[in-house]
Amino acid sequence: MKSWHEECGVFGIWNHPEASRITYLGLFALQHRGQESCGIVSLNNKLHIHHKALGLVADGFSESVLDRLKGPTSIGHVRYATTGDNLLTNAQPLTATLKEEPIAIAHNGNIVNTKSIRKNLQDRGAIFQGTTDTEVLLHLLARDSGSQFEDRLVNSLVQLQGAYSLVILNSEKLIAVRDPMGFRPLSLGQLQKEDGFSWVVASETCAFDLIGAKFVRDLEPGEIFIVSDGGTRQLWLPKSPKKAQCIFEHVYFSRPDSIVFGQGVYDSRKNLGRLLAQECPVKADLVVPVPDSGVAAALGYSEESGIPFDLGIIRNHYVGRTFIEPRSNIRSFGVKIKLNPMSSILKGKRIVVIDDSIVRGTTSKKIIGLVRGSGATEVHLRVAAPPTTGPCYYGVDTPSRSELIAANNTQEQIRQFVEADSIGYLSVEGLFKAVKATSQSYCAACFDGKYPTALET
Ligand code: AMP
C-alpha cells in the first residue's frame with residue numbers, strides 16, 4: 001500500500017478572536033501547496049471542533065462553517081495527494097482523542113520510515129484509519145507512557161525519520177515542530193490585536209502578508225515551539241549534524257513572495273535565471289517565460305543576457321495545474337487549454353523559452369510545439385534548474401524514476417524529444433550558488449541523487 005502524503009501547507013494561530021477566519025485566510029495564501037483537501041480545527045473550551053473538505057479552501061468553507069469553528073485558537077492544513085489517495089479520511093488536520101484529550105495534527109513533509117513503524121504498530125494491534133504517514137505519529141503518541149504531553153511528543157518524534165513540519169493542537173497548547181534536518185519550511189509570526197499580539201505559524205511567510213502579521217523568524221531545524229496560556233517555551237530534538245532544507249522550495253514550490261530558509265524566493269529565482277544565462281548563453285531575439293513558474297527566472301536570464309523579455313505565452317489561470325491531472329490524456333489536453341502562445345510577439349523571432357524545471361518533458365514538448373506553431377524561427381529551451389533525475393521522498397510530488405525524462409535520457413535525447421533547437425540546464429553548482437545554499441544545509445536529492453536519509457524500499 002502506498003502510504004504517504006505530499007505537498008502540503010500548514011497554519012496555526014494562538015488566542016485571537018477571529019482564529020478560524022484567520023486560519024481560513026492563511027490557508028488561502030498557502031493554497032498553491034495543496035489543492036485536493038483542506039481542514040481547520042479550532043480549540044474551544046478544551047474541546048476541538050473541526051471541518052475538513054475535499055477541494056479548494058474557498059469552496060470548502062462557508063460563513064456558517066467558519067461560525068461553527070468557534071474558539072480563540074485554530075490550526076489548518078491544505079493537502080495535495082497522489083492519485084487514489086484523495087480520501088476525506090486522509091484530509092488533515094488529523095484528529096483523535098488520546099487519553100481523554102483531543103489532539104489534532106497538521107503535517108507537511110513525508111516520514112520515510114513509516115512502513116516499518118506502521119508494521120510494528122499493526123503487529124501490536126494498532127488499527128489505522130487512513131493511509132497517511134502522519135497517522136503513525138498519533139499511534140506512537142497514544143502508546144507512549146510519559147506523563148506529560150511534551151515528553152510523549154519528543155519520545156514519538158525521535159522515532160521518525162524524514163520530513164515533518166508540524167502544527168499540533170491539544171486541549172491547552174499549540175505546538176509547532178520542524179524535523180532535525182529542517183526539510184520543509186515553517187515560520188513564526190505575530191499578529192497585532194487590541195490587547196497585544198497572537199502567535200501565528202505558517203509554512204510560508206506569504207500567509208503572514210495576507211493576514212497582516214509580522215514575520216518573526218523561521219523555526220530552527222529540531223525546534224519544538226510551544227504556545228499556551230502560560231506563554232511560550234522551546235524544546236529541542238536531538239541535533240542532526242546535517243541540515244536538508246529542500247532546494248526545490250526555491251526552484252518551484254514556494255510562492256515567489258515568500259521568504260524561505262532565510263532567503264526571498266523571488267530573488268532566488270531571478271538568480272537562477274541569471275546564472276543560467278551565464279552557463280547556457282544563446283543568440284536569440286526574445287526571452288519568453290513559461291508562465292507562471294518560469295517568469296522570475298526569465299527576467300533574470302533577460303537582465304543577464306541583455307536579450308529582451310516578453311510575455312509571449314499567456315496563461316489561463318482558471319485551469320488547475322496540469323501536473324495534478326492524473327491521466328496522460330487529460331494532461332495533454334490541460335496544456336492546450338492552459339497556455340496560449342501569441343504569434344504577434346513570437347512570429348519570425350528566435351525565442352529562448354525559460355521554465356523552472358522539466359519533470360516528464362510532456363509540458364515542454366507541447367510548449368515548444370505551440371511556440372514554433374506561432375511562427376518562431378528558432379526555439380531554445382533553457383531550464384532554471386539541473387536535470388530532475390530522482391524522485392523526492394520528503395514531501396514534493398515527483399513521479400517515479402522511470403517517468404523522469406532526465407533520469408533516463410541524455411540532454412541531446414531530451415532536446416530531440418521536446419523538439420527544441422537547443423537545450424540548456426543550470427548546473428548543480430549554479431543552483432546552490434543562486435539559492436546561496438551550502439551542501440551542508442540543503443537537500444537537492446532530486447537533482448544530485450544525494451539522499452540525506454536512509455530510504456525504505
Ligand atoms: P512535465 O510535463 O512533467 O515535464 O512538467 C513540468 C512542469 O511541471 C514544469 O513546468 C514545472 O513548473 C512543473 N512542476 C515541476 N515539479 C512539480 C511538482 N512537484 N508539482 C507540480 N508541478 C511541478
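In each ligand, atom 1 is the first atom listed, and ligand 1 is the first ligand listed.
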Chemist: Does ligand 1 have an atom that lies less than 4.0 angstrom from a heavy atom of E403?
Modeler: no
Chemist: Can you list the atoms of ligand 1 that are under 4.0 Å from a heavy atom of S357?
Modeler: 6 (C), 9 (C), 10 (O), 11 (C), 15 (C)
Chemist: What atoms of ligand 1 come closer than 4.0 angstrom to any heavy atom of D397?
Modeler: 18 (C), 19 (N)
Chemist: Can we say R21 and E63 salt-bridge, meaning some charged N sits less than 4.0 Å from an Asp/Glu carboxylate O?
Modeler: yes
Chemist: Considering the heavy atoms of F248, write down every atom of ligand 1 situated less than 4.0 Å from one of them.
Modeler: 15 (C), 16 (N), 19 (N)
Chemist: Tell me whether the NZ or CZ atom of K243 lies within the 45° cone about the ring axis of Y442 and under 6.0 Å from its centre.
Modeler: no
Chemist: So between F253, Y252, Y80, whose heavy atom ends up nearest atom 22 (N) of ligand 1?
Modeler: Y252
Chemist: Does a sphere of radius 6.0 Å around NZ in K433 hold more than 12 heavy atoms from other residues, nucleotides or ligands, not counting ones at 6.0 Å or beyond?
Modeler: no
Chemist: What I want to know is whether R360 and ligand 1 share at least one N or O pair that is separated by under 3.5 angstrom.
Modeler: yes
Chemist: CD of Q129: more than 12 outside heavy atoms within 6.0 angstrom?
Modeler: no
Chemist: On the 0 to 90° scale, with breaks at 30° and 60°, tag the F261-H250 ring pair as parallel, tilted or perpendicular.
Modeler: tilted
Chemist: Please indicate whether any nitrogen or oxygen in V359 is less than 3.5 Å from any nitrogen or oxygen in ligand 1.
Modeler: yes
Chemist: What is the ring orientation for Y164 with H107, classed by angle as parallel under 30°, tilted 30 to 60°, or perpendicular over 60°?
Modeler: perpendicular
Chemist: May I ask you to check whether over 12 heavy atoms, not counting those of F28, lie within 6.0 Å of atom CZ?
Modeler: no
Chemist: Does the N or O separation between E7 and ligand 1 drop below 3.5 Å for any pair?
Modeler: yes
Chemist: Only heavy atoms count here, so choose which of V396, D356, T388 is nearest to atom 11 (C) of ligand 1.
Modeler: D356
